[in-house]
Every structure is written in C-alpha cells, then in structure tokens.
Amino acid sequence: MTASARDLAAATPATRDRYADLLRVASLGTVVLGHWLMAAVSADGIGNLLALVPPLQVLTWGLQVMPVFFFVGGFSHALSHRSLERRADGRPVYAAFLRARLRRLLRPTLVFVLVWAALALVVQLAGADRGPLAGAALRMVTQPLWFIGIYLAMVAFTPPLLRAHARWGWAAFAALAAAAALVDVLRFALHVPYAEFLNFAFVWLAVHQLGFLRADGRIRRPALLGAAGLAGAVLLVAAGPYPLSMVGMPGEKVSNMAPPTLALLCHGMWLVGAVQLAARPAAALLARPRVWRGVVAANGVAMTAFLWHLTAMLGVYAVQLALGLRLPGPATAAWWAQVPVRLLAAAVLTALLVACFRRFEAPSPAGNAPGSGPAAALGTTLALLGILGLSMTGLGGLLEGHTATLVALPVTAPAAIGMALAGAWLVERSASARRVRLRG
C-alpha cells in the first residue's frame, strides 16, 4: 500500500460514490482473469479454451463484464462533465472535458503500444516471429485494445448524449436500444452490408447511457432491469442466430461481440441490474477503511495492469518453454492442474510490470482552459481509429505491411500507431490551438 493511496483514501469526501470505484476495478480484474483462463497455449500456438470446451461458454454470462466498465464510465463522465460546466462560467468545456478524461487513458496505452512495437520489430528483424507461439503472441497482445478505442468514442459522445439524457431520460436509452435492434434486423433479416458495424456505437452507447441514469438515481428498479435483460438475452440466444458465448469465438459465423448484438445489450442490462442490487451491501463494506484503501490503490494501477496482463501471461509460458518444461495439451488434466500455478505466476509478473509502468497512469493536471473543441474532437477520432485499427492488425507482419480491415478500410499497424500518436498530440494541443486563435 503506497502512502499516496492512504492519503487519497483518507481524503475521500463523504459524497463520493465508492461503489463505482469498486465496480471499475472489479470489472477490469474479472476481464483479466477471464483472459488468463481462456488462453489455451500449447506448442502448436495459442487457442481459446472456450472453443475447445464449448460447454464452458456459458461462463461468459458471468465473466463478460465489460458492460459494467462502460456503465461505470457513463456514470463518471456525467459527473465530470457537469462539474466542469459548473466551474466554467459559461465557457465551452468540450475540449477541457476530452483532455481531462483521455489524458490518463492515452498515456499508459501509448507507452504500451510503443514498447511492444519496438519489441515486435526486434523479434521480426531477428526472424524469431516464424514460430507458432511468437507469431500468435504478436497478433493477440493488442487485441484487448479494442475496448479503449470504444471508450474514447464514449467520451467524445458524452456531451450530446448527456443533453439527450437531461431532456428525455429513459427514452434516450430506449432510442439507442431500438437502434441496436434495428441494426440487427438489417444485419440478419435484410443482409444489408456493413450495417452491423453501427452497433459498435448503439450497443455500447446504450450501456453508457445507463450510467447517466445511475448518476441521477433513476435506476430505481434494478431487479426489473436485470430480469428484462436476462430474459431478453435468453430468448435471443434460444431463438438464434445469436450464439451462446458473450465473447468472440474463433471461426464462428456470428459473434455477439464483434460487432456487438442486441443479445449483448440485453446481457449488459442484466449485469447492470445485478450490480445495482448489490450496491447497498457493498457500500457498507466500502465504509471500512482497509477495504477502501485497497480499492483506491487498485484504481491507481488498474489500467496499467489491464494493458500488461497478456504480456505477463505470455511471459509465464515463455519462461516455461525456456526452462524446457512441457506444455500440456489445453483442457487436459495436466493443463488444469497447472492453472493455479500459472495464475499466480501471471499475477506476480503483472505486478512487476505495473511497478515499471505505473508512473504513466499517474494523474496529471489537465487545466480548465476551454481549448479548441474541433481540434480535440479530431484528435480523439484519430486516436480511437488508431487504437481500434491496432487491435485488429496486431503487431505481426510489421515489415511485410500486414493489413486488417477497419470497417471497410484497410489499415496497417504503423499507420494505426501513427494515427493514435497524432490523435493524442492533437488532444493535448487543443488548448494551445484555442489560445493562438484568441490572440489572433
């Protein structure tokens, strides 16, 4: 426990919603654990345990908790934007809001990307990427970045959607949910090309909108919300064409995740209802100083741990191979017997990586300068496209110009990295752009 975490915990105002902080940490921690468990690594490459043992896919209805993270994001964004507006004395706050929300997210992400890009380049120049494990590792290590790209879009859309929430409340959420349902009709019934990609916005923004409702205390019947979501998800999966798994499976024709479906939105609704039901007992637990200090400390490094957790897992397997230890076949008795040891080793290595890189997640003052809204919006757009593109291309084939398709556009890893860096720079420079224009 660091002294700063103790100080922050002791200085927590009585009005702070501690449960939101717990949900943020718990959701990221659950995703990390799920990734560690799903990775089926063998001498032949890296597979997916859920694809090898399909009955385990039902576990994704509890382990796929990314909707909870986006729900908490909506709650936090609503509070942050309203706080900026109260202090702005009528000045525009869009650029300041983007800088404040994105700075702590982009800095550790870009450090992770640059470190891994340099490592990937060295591996490929040495010709060490031709093995099944190394090649798969370079492809998969950036895959979790998709959620950061989506999160950037949520931040960018917060001001207009918050205004829609202020005017229409639950109807704004219902409109997004209806749009998600319509997209699935266009996708599955009418076979309209590329329509499915719209649900990257509608599904996740609908979950995000639930966070606004929580900020205003308007989720008064969480049991009803959860029951409706669970019933909807069960009916959609039972009727098809929605698969059982709430995460993507290799080779499947339809995924609930990429692009998201109405079934995933229903899954998110039942999760939100469930966590809201647990809010009161959790509040009593978080009132204990030791528990709250742990949550504060974990929040300070949660993004860094998420970014590096797959690196840690791959490191565990690399050490195992370097020591000449046999990798048992996935889902065999020997493989399951090694699971506790692998999880412990991955947790230790993640902690070491966090110790190295946590400084980049440390909050820094963003200032209240109004800034240029268009420059900040353009920067955010470039950053989210770059990060989403990199999550799809991976870092394999840097020297061969490997491409992946982002919606309908081909993108390479170097181009994606360049967009992410340019976007982050524009967001940072948006305040200076505003000052220059004012002086002119």
Side-chain angles (χ1 to χ4, degrees), residues 26-70 132-133 136-137 139-141 143-144 146-147 203 207 226 229-275 305-306 309-310 312-314 316-317 320 326-347 350 391:
S27 58
L28 285 180
T30 302
V31 171
V32 167
L33 179 62
H35 285 168
W36 284 346
L37 289 172
M38 284 194 307
V41 180
S42 68
D44 298 324
I46 304 175
N48 190 313
L49 178 65
L50 300 181
L52 296 173
V53 189
L56 293 178
Q57 292 178 18
V58 70
L59 297 178
T60 62
W61 288 53
L63 293 175
Q64 169 51 295
V65 294
M66 197 55 79
V68 175
F69 185 86
F70 291 147
L133 281 178
R139 289 193 301 273
M140 74 173 291
V141 74
Q143 287 178 0
W146 71 266
F147 110 87
V203 168
V207 175
L230 184 58
V234 169
L235 289 173
L236 289 170
V237 169
Y242 304 94
L244 173 66
S245 175
M246 290 298 164
V247 301
M249 290 290 106
E252 65 185 355
K253 293 182 179 180
V254 175
S255 167
N256 282 320
M257 271 291 296
T261 64
L262 181 62
L264 185 65
L265 175 55
C266 290
H267 172 71
M269 290 167 58
W270 96 257
L271 285 177
V272 168
V275 298
F306 177 84
H309 76 279
L310 283 184
M313 183 204 71
L314 294 169
V316 169
Y317 282 106
Q320 192 171 353
R326 184 178 66 89
L327 292 179
T332 62
W335 187 89
W336 284 109
Q338 289 184 7
V339 165
V341 178
R342 284 199 304 270
L343 293 181
L344 178 60
T350 300
S391 75

**Request:** Determine, stepwise, if the pair Leu63 / Met38 fulfils side chain to side chain contact (heavy atoms under 4.5 Å, CB included).
**Result:** CA-CA 11 Å; Leu63 293 175; Met38 284 194 307; over 6 Å; no

**Request:** Decide yes or no on side chain to side chain contact (heavy atoms under 4.5 Å, CB included) for Val207 and Leu271, but give the supporting numbers first.
**Result:** CA-CA 10 Å; Val207 175; Leu271 285 177; over 6 Å; no

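Side-chain atoms of Ile46 and Leu314, non-hydrogen and from C-beta on, do get closer than 4.5 Å to each other. Between Gln64 and Asn256 there is no side-chain heavy-atom pair separated by less than 4.5 Å. Between Met269 and Val272 the shortest side-chain heavy-atom distance does not fall below 4.5 Å. Side-chain contact between Val234 and Trp61: present, with at least one pair of heavy atoms (C-beta onward) separated by less than 4.5 Å. Between Pro243 and Glu252 there is a side-chain heavy-atom pair separated by less than 4.5 Å. Put simply, the side chain of Leu262 reaches to within 4.5 Å of the side chain of Tyr242, judged on heavy atoms.
Ala263 and Ala233 make their closest contact through O-CB, 4.1 Å (heavy atoms, listed as atom of the first residue, atom of the second, distance). Ala312 and Ala346 make their closest contact through CB-O, 3.6 Å (heavy atoms, listed as atom of the first residue, atom of the second, distance). What you find for Ala331 and Val53 is that their closest heavy atoms are CB-CG2, 3.7 Å.
We find the CG-CH2 distance between Leu265 and Trp270 to be 14.5 Å, quoted to the nearest 0.5 Å. The distance from the SG atom of Cys266 to the CG atom of Leu230 is 9.5 Å, given to the nearest 0.5 Å. In this structure, the separation between CG on Leu50 and CE on Met246 is 13.0 Å, given to the nearest 0.5 Å. For the atom pair Leu33 CG and Leu28 CG, the distance stands at 12.5 Å (nearest 0.5 Å). For the atom pair Ser245 OG and Leu264 CG, the distance stands at 10.0 Å (nearest 0.5 Å). Interatomic distance, CG of Leu310 versus CE of Met140, reported as 5.0 Å (0.5 Å rounding).
Remark: side-chain polar atoms of Gln338 are not paired, donor with acceptor, to backbone N or O of Trp335 under 3.5 angstrom. Side-chain atoms of His35 never come within 3.5 Å of backbone atoms of Val32 as a donor-acceptor pair (strictly under, hydrogens ignored). No side-chain donor-acceptor contact under 3.5 Å links Gln57 to the backbone of Leu244. Checked by atom type and distance alone, the side chain of Ser255 pairs as donor or acceptor with a backbone atom of Ala258 at under 3.5 Å. Remark: side-chain polar atoms of Trp36 are not paired, donor with acceptor, to backbone N or O of Val31 under 3.5 angstrom.
Tested against Leu56 for a side chain to side chain contact (heavy atoms under 4.5 Å, CB included), the candidates Val58, Thr60, Leu59, Leu52 yield a single pass: Leu59.
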